[in-house]
Amino acid sequence: MTSKLKIYNTLTNKKEDFKPIDPTHITMYVCGPTVYDYAHIGNARPVVVFDTLARLLRHDYGKLTYARNITDIDDKIIEASKKTGDDISVITEKFARIYEEDMAALNADMPNVVPKATDYIAEMITLIKDLIDKGNAYEVDGHVLFQVSTMKDYGELSNRKVEDLLAGARVEVASYKREAPDFILWKPSSDDQPGWDSPWGRGRPGWHTECSAMIDGIFDGNTIDIHGGGQDLIFPHHENEIAQSKCSHDGKALANHWMHNGYLTVDGEKMSKSLGNFITVHELLEEFRGMGEAIRMCLLTAHYRQPVDFSRDGIIQARKQLIRWYNATKEVEPTKPSIAVLDALRNDLNTPKAIMELNQLAKDESKKGELLASAQLLGLICEDHDKWRGGASVVSGGGTITTSGTAEYTTESVDKLVAERTEAKKEKNYSKADEIRNDLASKRVTLLDHPDGTTTWEKS
RNA sequence: GGUGCGGUGGCGGAGAGGCUACGCAACGGAUUGCAAAUCCGUGUACACCGGUUCAAAUCCGGUCCGCACCUCCA
């Protein structure tokens with residue numbers, strides 16, 4: 001299948017035609033999580049963005065191998081293990097599982113391959129040996145470092161010059177480094193730290209090593225079409241991956257197209273663990289139960305390279321739009337995605353434009369099938385329509401409804417009031433019916449009357 | 001200091017020389033016992049100053065402001 005997909009390439013800072021290496025089989029690798037804690041909503045952005053791209057690539061080209069790694073060996077994990085007393089593997093397995101569940105709730109499909117760093121230690125050791133043999137890396141006291149100045153085109157991704165890096169070191173340079181920008185490929189582990197035997201003693205890999213080794217292993221040493229991740233990975237992570245892979249492969253490119261998503265911000269500032277201004281996907285899914293799709297949509301309302309300022313209002317807005325589309329596509333069978341939506345997505349994944357086109361389709365009674373198929377290409381309108389109809393969705397869980405600053409209502413007491421109101425309506429006692437409606441409205445419970453005389457309700 | 005991304009109506013957010021998206025909110029109307037949903041209709045915009053052009057939100061120059069990376073971070 002032909003496509004006129006255009007992608008902004010960080011390597012050239014230009015929007016370019018996407019030229020697949022093999023148009024019958026696209027290859028993509030995206031940096032995944034370090035599993036030591038819950039993922040925050042900012043961490044979910046690349047997942048949703050690249051999941052959407054994966055859907056488009058599968059639609060346009062048929063076959064895609066999409067890999068997303070799990071970093072399950074890292075100093076942060078070691079710290080977490082010290083704190084909780086749990087074994088490393090207990091922590092990594094737990095948070096890897098939660099990550100997958102949370103991302104699934106955002107309608108993000110599992111990638112085809114989900115490699116774990118600890119399954120690729122042997123490959124990493126081979127890579128490091130190779131880099132030492134080729135003169136790009138050196139060993140000092142159990143550490144192995146990549147010597148940046150040995151690579152002439154280092155800095156091509158982030159537009160950095162080695163001279164500047166050599167001169168402008170801001171951080172204190174570790175004593176074992178030959179030069180300031182050198183980065184760790186392998187580091188020694190103490191007895192209480194996890195480690196693997198290597199030619200340089202017992203130790204563990206540096207952060208960047210795994211991606212190069214895994215891409216090598218999964219894609220047989222071939223250049224891949226797309227490598228993606230968040231903007232903060234451009235330097236040093238992706239720059240260093242390029243350095244490792246290119247030097248090991250005699251200058252062959254690691255990936256042709258480098259894509260980086262913008263940040264999710266809070267009050268205009270990047271959401272990050274260190275700033276403490278984060279909210280986890282897990283919490284958000286608790287708060288907006290069953291609304292994973294609205295959270296997904298919220299992340300797609302801005303172009304992937306632009307910042308998205310997180311707000312609960314954004315999720316509520318997205319939810320309203322989704323409800324409209326759900327209502328419009330009841331009993332509708334998906335046909336084919338509309339050309340307008342496809343064109344928007346093929347233009348550097350312009351999801352806001354695509355959403356606009358969905359709204360256009362929603363206005364046309366004859367295009368409901370296209371609307372459904374197009375929305376599903378974006379990973380939206382994928383759920384049971386009944387779940388989204390009316391408002392039944394929000395409260396289906398039951399239990400206590402906490403309303404800010406007012407009395408608490410339970411699903412039972414609301415149901416009882418609704419039944420009372422239904423009686424009142426039958427008796428044409430509308431003043432009483434309205435009283436109940438207003439009372440519940442003040443508790444942010446909205447009643448919905450249906451043509452058949454029944455009433456459902458939702459928490460707003 | 002270097003590198004990159006921005007500043008669009010009340011809000012979110014596309015567009016990138018002429019046709020001034022779209023959504024949310026607001027307002028008016030139809031409909032509804034009242035609401036909700038739906039339908040019809042209305043308004044307000046391109047940070048600032050110059051320049052190029054018949055025509056600039058869009059191109060060029062400058063100014064101001066914001067964010068990010070340069071250290072672990074999606």
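Quick caveat: nothing in here was measured; it's all calculated off a predicted structure.
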Visitor: Looking only at atom P, what distance separates rU38(B) and rA47(B), rounded to whole Å?
Guide: 33 Å

Visitor: Could you check how far CZ of R204(A) sits from P of rC72(B), rounded to whole Å?
Guide: 14 Å

Visitor: Below 4.0 angstrom from OP1 or OP2 of rA74(B), is there any side-chain N or O of Y304(A)?
Guide: no

Visitor: Taking rG1(B) as the reference, what is the distance to rA25(B) when you measure between their C1' atoms (whole Å, please)?
Guide: 44 Å

Visitor: From the list rG23(B), rC70(B), rG4(B), which nucleotide is the closest neighbour of the side chain of N159(A)?
Guide: rG4(B)

Visitor: Take atom P in rA45(B) and the same atom in rG4(B), then report the distance between them in whole Å.
Guide: 34 Å

Visitor: For K425(A), report the nucleic acid contact type (base, sugar-phosphate, nothing); a contact means any heavy atom under 4.0 Å.
Guide: base

Visitor: Which one is paired to rG1(B), where only Watson-Crick or G-U wobble pairs with both distances under 3.5 angstrom count?
Guide: rC70(B)

Visitor: Look at the side chain of R437(A) and decide which nucleotide, out of rG33(B), rA21(B), rC34(B), has an atom nearest to it.
Guide: rC34(B)

Visitor: Think R68(A) has a side-chain N or O under 4.0 angstrom from the OP1 or OP2 of rA74(B)?
Guide: no

Visitor: Can you name the residues that form a salt bridge (charged side-chain N to carboxylate O under 4.0 Å, His left out) with D343(A), not counting sequence neighbours?
Guide: K4(A), R346(A)

Visitor: Looking only at atom P, what distance separates rC22(B) and rA55(B), rounded to whole Å?
Guide: 28 Å

Visitor: Report the distance from atom CG of D343(A) to atom C1' of rA14(B), rounded to the nearest whole Å.
Guide: 15 Å

Visitor: Taking only the side-chain heavy atoms of H303(A) (C-beta and beyond), determine which of rG33(B), rA14(B), rA74(B) contains the nearest atom.
Guide: rA14(B)

Visitor: For the C1' atoms, the ones on rU8(B) and on rU3(B), what distance do you get once it is rounded to whole angstrom?
Guide: 26 Å

Visitor: Would R45(A) and Y263(A) count as a side-chain contact (heavy atoms from CB on, under 4.5 Å) here? Give the steps.
Guide: CA-CA 8 Å; R45(A) 169 115 104 138; Y263(A) 302 116; 5.6 Å; no

Visitor: For H237(A) and for E357(A), find the nucleotide of RNA chain B with the closest heavy atom, then tell me which residue's nucleotide is more 5'.
Guide: E357(A)

Visitor: Which nucleotide, rC70(B), rG23(B), rC34(B), lies nearest any side-chain atom of Q321(A)?
Guide: rG23(B)

Visitor: Check the distance between rG66(B)'s P and D309(A)'s CG and give it to me in whole angstrom.
Guide: 16 Å

Visitor: For the side chain of Q306(A), starting at C-beta, report the closest nucleotide among rU3(B), rC5(B), rC34(B).
Guide: rC5(B)

Visitor: Please report the C-alpha distance between R97(A) and E101(A) in whole Å, then the side-chain angles of each, then the deciding distance to 0.1 Å, and finally whether the salt bridge (Lys or Arg N to Asp or Glu O under 4.0 Å) criterion is met.
Guide: CA-CA 6 Å; R97(A) 198 197 68 239; E101(A) 286 169 3; 3.4 Å; yes

Visitor: What is the distance from CG of D37(A) to P of rA74(B), rounded to the nearest Å?
Guide: 11 Å

Visitor: Could you work out which one of rA25(B), rC69(B), rC72(B) sits closest to the side chain of K320(A)?
Guide: rA25(B)

Visitor: Would you call H40(A) and V281(A) a side-chain contact if the rule is heavy atoms closer than 4.5 Å?
Guide: no

Visitor: Should rA16(B) form a Watson-Crick or G-U wobble pair with both distances under 3.5 Å, which nucleotide is its partner?
Guide: none

Visitor: So what's rU42(B) paired with, Watson-Crick or G-U wobble, going by both distances under 3.5 Å?
Guide: rA26(B)

Visitor: Pick one: which of L300(A), L284(A), V48(A), D102(A) meets side-chain contact (heavy atoms from CB on, under 4.5 Å) with I295(A)?
Guide: L284(A)

Visitor: When the distance from CG of L165(A) to P of rU3(B) is rounded to whole Å, what number comes out?
Guide: 13 Å

Visitor: Name the nucleic acid region contacted by F235(A), choosing base, sugar-phosphate or nothing; use a 4.0 angstrom heavy-atom cut-off, strictly under.
Guide: sugar-phosphate

Visitor: Which of these nucleotides, rA74(B), rC34(B), rA14(B), is closest to any side-chain atom of N350(A)?
Guide: rA14(B)

Visitor: Is R421(A) salt-bridged to D449(A), going by a charged N under 4.0 Å from an acidic O?
Guide: yes

Visitor: Return the 5'-most residue of the pair M356(A), R45(A) with respect to RNA chain B, ranking by each residue's nearest nucleotide.
Guide: M356(A)

Visitor: rC72(B) and rC67(B): how far apart are their P atoms, nearest whole angstrom?
Guide: 22 Å

Visitor: Without hydrogens or angle criteria, can the side chains of Q244(A) and N136(A) be said to hold a donor-acceptor pair below 3.5 Å?
Guide: no

Visitor: H450(A) NE2 to rC34(B) P: how many Å, rounded?
Guide: 17 Å

Visitor: Just how far, in rounded Å, is P of rC5(B) from CD1 of I234(A)?
Guide: 10 Å

Visitor: Pick the P atom in rU52(B) and in rA57(B), then give their distance to the nearest Å.
Guide: 16 Å

Visitor: Is the phosphate of rA74(B) approached by K270(A) (side-chain N or O, under 4.0 Å from OP1 or OP2)?
Guide: no

Visitor: Of all the nucleotides listed (rC22(B), rC5(B), rC72(B)), which has the minimum atom distance to the side chain of N359(A)?
Guide: rC22(B)

Visitor: If you take atom types as modelled and just measure distance, does the side chain of R305(A) reach the base of rG13(B) with a donor-acceptor pair under 3.5 Å?
Guide: no

Visitor: Using the side-chain heavy atoms of L448(A), tell me which of these nucleotides is nearest: rC34(B), rA36(B), rG23(B).
Guide: rA36(B)

Visitor: Need the pair for rG61(B). Rule: Watson-Crick or G-U wobble, both distances under 3.5 Å, any strand; none if unpaired.
Guide: rC49(B)

Visitor: Nearest whole Å is fine: how far is rC70(B) P from H238(A) NE2?
Guide: 14 Å

Visitor: Quick one: does D434(A) reach the base of rG33(B) with a side-chain donor-acceptor pair under 3.5 Å?
Guide: yes

Visitor: Distance between the P atoms of rC69(B) and rG51(B), in whole angstroms?
Guide: 39 Å

Visitor: Under 4.0 Å from OP1 or OP2 of rG23(B): is there any side-chain N or O of K363(A) that close?
Guide: yes

Visitor: Heavy atoms only, 4.0 Å cut-off, all strands: where does I316(A) land among base, sugar-phosphate and nothing?
Guide: nothing

Visitor: Considering only side-chain heavy atoms of A302(A), which listed nucleotide, rA14(B), rA21(B), rC34(B), is closest?
Guide: rA14(B)

Visitor: The criterion is salt bridge (charged side-chain N to carboxylate O under 4.0 Å, His left out); which residues satisfy it with E383(A), sequence neighbours excluded?
Guide: K387(A)

Visitor: Check the phosphate of rA74(B) against N43(A), side-chain N and O only, distance under 4.0 Å to OP1 or OP2. Yes or no?
Guide: yes

Visitor: With N107(A), which of E293(A), R55(A), R296(A) fulfils side chain to side chain donor-acceptor pair (under 3.5 Å)?
Guide: E293(A)

Visitor: Within less than 4.0 Å of OP1 or OP2 of rU38(B), is there a side-chain N or O belonging to N327(A)?
Guide: no

Visitor: Does the rC34(B) base have a donor-acceptor partner in the side chain of D449(A) within less than 3.5 Å?
Guide: yes

